[in-house]
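Read the structure below first, then the notes.
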Protein chains: 2
Amino acid sequence: MTTNLATARAKATSKEEILDAAERLFAKSGFDGTSMREIAQEAGVAQALLHYHFKTKEGLFEAMFSRRSGAINRIRLARLDAMIARGTPTLEEIVDSLLRPTIEAGHDPSRGGSTFASLILVMGASNLDWQKGLISASYDAMAKRYIAALRLALPELTPANATWGYLFIIGAALTQMSPTGRADRLSDGETTDSNTETMLSRAVAFAAAGMRGLAARPDPDTTPGRA
Amino acid sequence: MTTNLATARAKATSKEEILDAAERLFAKSGFDGTSMREIAQEAGVAQALLHYHFKTKEGLFEAMFSRRSGAINRIRLARLDAMIARGTPTLEEIVDSLLRPTIEAGHDPSRGGSTFASLILVMGASNLDWQKGLISASYDAMAKRYIAALRLALPELTPANATWGYLFIIGAALTQMSPTGRADRLSDGETTDSNTETMLSRAVAFAAAGMRGLAARPDPDTTPGRA
DNA sequence: GTCTATAGTTCGATAGAC
DNA sequence: GTCTATCGAACTATAGAC
């Protein structure tokens with residue numbers, strides 16, 4: 001049912017093949033940098049078929065985006081619910097369940113990272129209203145559940161600090177989910193960003209410690225004076 | 001000498017006005033989403049003048065990007081050098097000197113955040129070679145100096161962990177430097193992302209604690225077994 | 001559901017006057 | 001250094017056959 005890049009069947013419907021092609025190309029070059037012609041060619045269909053199925057380029061983008069973000073969020077919340085049902089989870093468990101599904105479901109075997117992560121990043125940085133609206137509609141409900149879970153695991157967190165912590169975690173990890181070789185270069189070969197598992201374990205440690213650091217200080221929103 | 005958006009003179013040279021217009025528009029809509037016609041109109045000059053000064057659209061983008069990234073990196077390294085000359089700086093001081101210049105120099109008074117931060121983000125997420133090359137050429141040297149400074153302040157950091165920590169810090173903060181109203185929405189009004197100073201103080205606390213958390217555990221690159 | 005063909009628009013870049 | 005005018009290419013979207 002869920003169409004995972006890493007496990008895609010050899011023959012999907014042409015509609016799914018269009019969505020797969022769109023995901024690859026939009027992630028590589030962004031919305032405006034990708035043409036309907038390119039997507040049609042990558043999917044092996046005529047350009048007119050894209051308009052038949054999705055009406056406009058923006059419609060195709062939204063269909064492609066919702067398919068993947070919906071699948072990722074379902075996995076996230078299922079794991080979060082299962083953890084909470086077993087008792088109060090640790091910060092590390094919460095962060096892992098937040099980050100790992102983006103790597104698993106967005107995995108592209110030909111590149112070794114999450115193509116979908118680049119996509120979210122490009123959209124999040126965009127200041128176009130329809131893209132920001134799509135981000136909100138796709139993620140706000142899930143984000144609020146995770147912010148609540150962070151406060152459950154770390155009661156000293158104020159609502160404001162929990163919100164900022166969530167945003168920092170997403171930003172820190174999402175920017176590192178598509179291997180670029182940058183970590184290899186900056187460390188002179190001491191590490192590599194092609195191993196998503198070691199990246200993820202470091203992101204979890206960094207994020208959990210960061211949240212504890214946030215919780216251990218006054219809230220700058222409500223503490224006047226030197227910020 | 002340095003052209004700061006927040007303190008720009010009423011009448012700059014037309015070349016600078018083109019760069020300013022390009023920075024605003026590229027940050028809003030990305031490279032492919034911005035046309036030379038729009039930039040010319042925003043700058044109040046003829047489109048042909050853009051090609052006279054910068055030859056191609058890519059040339060204009062690189063000139064715009066290098067002007068701002070160069071100014072920001074000079075401020076960063078000057079502050080880092082001054083701190084080290086006074087003794088070993090704290091993690092918090094290092095992180096502040098890394099993040100604050102992007103807000104100061106990239107500040108857009110009409111929007112309250114750093115337009116330039118969105119620009120770097122869009123480029124970093126891009127998989128286009130010339131954009132990744134521009135990121136490397138502009139930031140790798142500075143990044144290596146900061147990674148060394150982090151290890152100076154926190155000797156337990158391995159080179160690999162220091163590199164990943166640096167990348168996490170950049171990702172966490174850069175994604176939050178352009179106010180989107182998302183923090184306001186996710187916190188139900190308990191905080192706001194329109195105050196860059198409280199955002200920055202939280203980012204510094206989160207990042208410093210995250211680095212200490214990274215330093216306090218085995219390095220997953222060199223520790224086989226469950227990652 | 002899928003195709004070919006094309007209408008209508010917008011783009012980056014250049015030529016050439018001043 | 002700055003402009004007007006325009007070329008040729010690429011784009012989104014649609015019309016209409018099968």
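Every chain is numbered from 1 and lettered A, B, ... according to where its sequence line falls, protein lines coming before strand lines.
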Would you mind reading off the distance between [X] atom [atom1] and [N] atom [atom2], rounded to a whole angstrom?
X: Phe61(B); N: dA13(C); atom1: CZ; atom2: C1'; result: 19 Å
X: Leu49(A); N: dT4(C); atom1: CG; atom2: P; result: 11 Å
X: Phe54(B); N: dG1(D); atom1: CZ; atom2: C1'; result: 13 Å
X: Ile18(B); N: dT2(D); atom1: CD1; atom2: P; result: 7 Å
X: Leu25(B); N: dG12(C); atom1: CG; atom2: P; result: 12 Å
X: His53(B); N: dT2(D); atom1: NE2; atom2: C1'; result: 8 Å
X: Ile39(B); N: dT10(C); atom1: CD1; atom2: P; result: 17 Å

Ring geometry between Phe31(A) and Phe26(A) (parallel below 30°, tilted from 30 to 60°, perpendicular above 60°):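 Phe26(A) and Phe31(A): parallel rings.
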Parallel, tilted or perpendicular: ring planes of Trp164(B) versus Phe168(B), cut at 30 and 60 degrees: tilted
Phosphate-side-chain proximity, Ser35(B) and dT10(C), N/O vs OP1/OP2 below 4.0 Å: no
Nearest atoms (heavy-atom pairs only) where Leu200(A) meets Ile103(A):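 Minimum heavy-atom contact is CD1-CD1, 4.2 Å.
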Closest heavy-atom pair and its distance - Ala149(B), Ile94(B):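 Nearest heavy atoms, Ala149(B) then Ile94(B): O-CD1, 3.4 Å.
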Passing candidate, salt bridge (Lys or Arg N to Asp or Glu O under 4.0 Å) with Arg24(B), options Glu42(B), Glu38(B), Glu17(B): Glu42(B)
First of Phe31(B) and Ala46(A) reached from the 5' end of DNA chain C, by closest nucleotide: Ala46(A)
Protein-to-nucleotide contact annotation, 5' to 3' order, nucleotides 13-18 of chain D [B base; S sugar-phosphate only; - none; under 4.0 Å, heavy atom]: BBB---
Pairwise distance CE(Met177(B)) to OG(Ser118(B)) - rounded to 0.5 angstrom: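 It is 10.5 Å, given to the nearest 0.5 Å.
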